[in-house]
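Contents: one structure, followed by commentary.
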Amino acid sequence: MPKRPVEEPHIASAEPTLRLILRRLRETMAETDDGQRRLDKIVRLVSGLMVAEVCSIYLKRQDHSLELFATEGLNPAAVHNLFMKRGEGLVGRCAELAVPVNEPDAQAHPAFSFRPETGEEIYHSFLAVPILRSGDVLGVLTVQNKTLRHYSDDDVEALQTTAMVLAEHLVTGTVASTTGAAIRAIDDLVRGQAIAEGIALGHVVLHAPRVAVTELVATDVAHEVERLEAAIGELKATLDALMNQSHLARAGEHRDVLEAYRMFANDRGWQRRLVEAVRSGLTAEGAVDQVQNRTRARMLRLQDPFWRDRLRDLDDLSDRLLRVLVSATGNDAARQELPHDTIIVARSMGAADLLDYDRDRLKGLVIEESSSHSHVAIVARALGIAAVGGARGIMERVEPGSPIIVDAEAGEIYIRPSSQVVSVYADKARFRARRQRQYDALRDRPAVTRDGVRVELHINAGLPVDLAHIEESGADGIGLYRTELQFMIAPSLPRLERQAATYRAVLDAAGDRPVVFRTLDIGGDKVLPYLRSTLEENPALGWRGVRLALDRPALLQTQIRAMIRAADGRPLTIMVPMVSERAEIEAVRSLIEGELQRADRRGHRVPSRLKVGIMIEVPSLLFALDEVMEVVDFVSIGSNDLMQYLYAADRGNERVGSRFDALSAPFLRALRSIVRAGHRHSRPVSLCGELGGRPLEAVALVALGLRSLSMAPASIGPVKAMLLSLDVGRAAAHVDKIIDSSSASLRDELLRFAENEGLEI
Ligand code: PEP
Ligand code: MG
């Protein structure tokens, strides 16, 4: 029978205990500067004040194991001799998950790891909190009691605050150096993920190394509340000023990003948590630090990249608030004299901070925590700088001014590169620049093959910043406008007028060139925070694209209405994603018809010509092509999704995402059947997945009969260069010969063909 925990009366109410702990900690820090003695004193102090028989500090080592550094109550001989493997026991669990672990009967817990050398078998109740600093877990602080005690929320709060003070001490004090020296090697290689394409050689500028909060304990609470409120007011004013800067006022997505910041700055919950923290006895800086640490701990636990990025915005806002409180000078790193080849290295960074830097001197960006969906990645792409995210541990390995190379093709970063590596990359960068100049020279040449076949090359777009690329790349139009991106970066559902303004700007920028607007492709992993959705076990196969749109018709109706308004009498092309059966197209068509009639009734100009098409992404359509072609004006192959569904291989899963080759005969045969169905019904077929942007793959696509491809703007040049050197007739004959004779990849065969033909690949 499990023993029942007893609710033990706490020695005193939380607030006085917390304040007492903070005051005594400050005194302890002042008494000695010997790292080990301080830790010994801290565990004694905490165990006394929290009426705990045991208090211990475990610190993380470089291999992520935890070492017992100090204890009151456990066997002293275990200090520096007890190591817990990564994730081992309840202490390891606390460190891995970055959450408190509160167990009335720890020994009954399945994760409990019994270590006889500690003498802890007599203790039952166990409370552990992570020692967090800038979102990193430095170690774990624990208390234990013999009785089956359920630690109260106030106990947890007190221990967390102690851990926060301890974290400051660890970073600024002498103990940190014993946990592992930073590596200072040349050619130190760090891997991450490319989040904005390019190659950059330059020198490190550390982004806003976090403000060190030294005064954590308040002496005058009322004064601290006043300081906090004044700083929040100032923060809001700087955000307003940033939004009014002329170059930001123009660029749409920057404004959306800043709007999101403003929303957080006005969030009452955030402000309330800050004020409560000050009232518990912390300084205004201490309160920001505490609330920020919790945000970061939540961030560590979240799987959903969308929400992690939103929390990162909040984290960035806290950084800004800290800087207002400490120095009132904003982003110091951005204001210093920057080298002409600045590569910013940051632990985490908000989009607004990146915009603070002089873009003429900015060449690259490396961030420890960031995904390609984050706001800062979107802005980095907009600024055209090479950026790599997810570069774990880089902050510890660089110093300001260190030479560095960012390879945002391979997702690699070289710190203090040797002269050989520098010369290889300098060559690469020169080569890229030369190639770029060659592509620029092709800008105004139509893509006509050697045997006179014209292939249309369009760009995929989704943000206002992409619009400049239509002109720059010399594209024939926009073959895929991903409307969901506007929804994903907005703080709340964009209303009709806002959507219409975006679509109008797209049509204006495209001029006479065609634009294909894809209706919202949200759901699955593209989550909108303001749209309630249920958690799905298998989101790629879930409630997404047209399925969601038909279940929430108001969303789709508003979007169609906005498109009709934006077209204002011009031609309009609408494309529907994730269609699985003919009935879905018919339902969308009748909804569009309703909107046209409504616009007409209300005196709005209806489009001079309306085309409605679908994406072919779901394999069921491969077996219903004739029925589908009858009810559409065109189709576009979404090869990213079609490939993932045909091969049952998650496109975002590194292990399987590139396991199967899109140049395999079965996949090419599927594409061939779509092209043939298009011919039978005189319906244009294009392709807008990543495939179309790769020159060798494009050889196969035009050989199969595709005459329209849509791709990332940067791919237009390379694909056009290939097409100008291609004889389609010969390519088609070659593919015809090999496509039915094997079920394997045709890549090698195609490469040989390209070599023999002297194609520009
Ligand atoms: C596709 O699936 O190929 C496609 C272009 O759509 P997305 O990548 O936006 O899912
Ligand atoms: Mg798709």
Side-chain angles (χ1 to χ4, degrees), residues 442-443 445-462 466 469-470 473-482 506 510-518 571-577 579 609-617 621 625 628-629 632-643 662 667-668 670-724 726 728-729 731-732 735:
L442 301 179
R443 213 188 66 120
R445 259 178 88 177
V448 180
T449 62
R450 269 173 40 214
D451 51 344
V453 176
R454 171 78 162 98
V455 180
E456 285 182 23
L457 301 181
H458 299 263
I459 58 164
N460 294 343
D466 293 325
H469 295 140
I470 313 177
S473 64
D476 291 305
I478 300 180
L480 166 65
Y481 191 87
R482 292 181 163 107
V506 177
D512 292 336
R513 284 166 285 215
V515 176
V516 180
F517 286 110
R518 178 171 76 180
L572 177 63
T573 306
I574 299 175
M575 179 160 74
V576 188
V579 172
R609 196 187 62 232
L610 176 77
K611 288 189 187 160
V612 180
I614 59 160
M615 295 194 67
I616 299 196
E617 303 177 282
L621 294 190
L625 286 168
V628 162
M629 292 292 177
V632 296
D633 298 316
F634 66 93
V635 300
S636 184
I637 302 168
S639 53
N640 306 339
D641 276 318
L642 187 59
M643 183 73 197
F667 190 66
L668 294 180
L671 302 188
R672 181 177 63 182
S673 68
I674 302 170
V675 175
R676 286 180 175 171
H679 283 156
R680 278 199 300 281
H681 294 264
S682 306
R683 297 288 187 271
V685 177
S686 65
L687 181 141
C688 60
E690 305 298 321
L691 209 58
R694 300 190 206 122
L696 184 67
E697 280 79 345
V699 173
L701 298 176
V702 291
L704 290 174
L706 278 154
R707 294 294 175 262
S708 166
L709 304 173
S710 192
M711 59 197 70
S715 300
I716 297 267
V719 171
K720 195 188 276 185
M722 180 282 289
L723 288 170
L724 294 173
L726 179 74
V728 183
V735 169

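All of these numbers come straight from a predicted model, not from anything done at the bench.
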Evaluate the criterion side-chain contact (heavy atoms from CB on, under 4.5 Å) for residue pair Val632 and Val612; output intermediate values, then yes/no. CA-CA 6 Å; Val632 296; Val612 180; over 6 Å; no
*Test side-chain contact (heavy atoms from CB on, under 4.5 Å) applied to Cys688 and Met615, step by step*: CA-CA 9 Å; Cys688 60; Met615 295 194 67; 3.4 Å; yes
side-chain contact (heavy atoms from CB on, under 4.5 Å) for Leu457 and Leu723? Distances and angles first, verdict last. CA-CA 10 Å; Leu457 301 181; Leu723 288 170; 3.9 Å; yes
Q. Where do Leu642 and Leu671 land on the side-chain contact (heavy atoms from CB on, under 4.5 Å) test, with the steps shown first?
A. CA-CA 10 Å; Leu642 187 59; Leu671 302 188; 4.1 Å; yes
Could you list the donor-acceptor pairs under 3.5 angstrom formed by side chains in residues 693-714, with sequence neighbours left out?
| unit_1 | atom_1 | unit_2 | atom_2 | d |
| --- | --- | --- | --- | --- |
| Glu697 | OE2 | Arg747 | NH1 | 3.4 |
| Glu697 | OE2 | Arg747 | NH2 | 2.9 |
| Arg707 | NH1 | Val702 | O | 2.9 |
| Ser710 | OG | Ile459 | O | 3.3 |
| Ser710 | OG | Asn460 | OD1 | 2.6 |
| Ser710 | OG | Gly479 | N | 3.4 |

Below 3.5 Å, can you tabulate the donor-acceptor pairs from side chains in residues 674-682 to any protein atom, sequence neighbours excluded?
| unit_1 | atom_1 | unit_2 | atom_2 | d |
| --- | --- | --- | --- | --- |
| Arg680 | NE | Asp626 | OD1 | 3.2 |
| Arg680 | NH2 | Asp626 | OD1 | 3.1 |
| His681 | NE2 | Asp626 | OD1 | 2.7 |

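Two residues are said to be in side-chain contact when any heavy atoms from C-beta on lie closer than 4.5 Å; Arg443 and Ser473 fail this criterion. Side-chain contact between Arg683 and Val635: absent, with no pair of heavy atoms (C-beta onward) separated by less than 4.5 Å. At least one side-chain heavy atom of Ser636 sits less than 4.5 Å from a side-chain heavy atom of Met575. Using a 4.5 Å heavy-atom threshold, the side chains of Leu480 and Phe517 count as separate. Contact check for Leu625 versus Ile616: side-chain heavy atoms found under the 4.5 Å cut-off.
The line from CG of Leu668 to CG of Leu691 is 8.0 Å long, rounded to the nearest 0.5 Å. A distance of 9.0 Å separates CD1 in Ile614 from CZ in Phe634, rounded to the nearest 0.5 Å. If you take CD1 on Ile637 and OG on Ser686, they are separated by 7.5 Å, rounding to the nearest 0.5 Å. Rounding to the nearest 0.5 Å gives a distance of 10.0 Å between CZ of Arg609 and CG of Asp633. Interatomic distance, CD1 of Ile574 versus OH of Tyr481, reported as 14.5 Å (0.5 Å rounding). Atom-to-atom distance recorded for His458:NE2 and Ile470:CD1 is 11.5 Å, nearest 0.5 angstrom.
Without hydrogens or angle criteria, Lys720 side chain to Pro446 main chain gives no donor-acceptor distance under 3.5 Å. Under the 3.5 Å distance criterion, the side-chain polar atoms of Asn640 are left unmatched by any main-chain donor or acceptor of Gly689.
Across Val515 and Ala510, no two heavy atoms sit closer than the pair CG2-CB, 3.4 Å. The shortest non-hydrogen separation linking Leu726 to Ala731 is CD1-CB, 4.0 Å.
Remark: Arg513 pairs with Glu471 by the side-chain hydrogen bond (donor to acceptor under 3.5 Å, both in side chains) rule, at least two apart or across chains.
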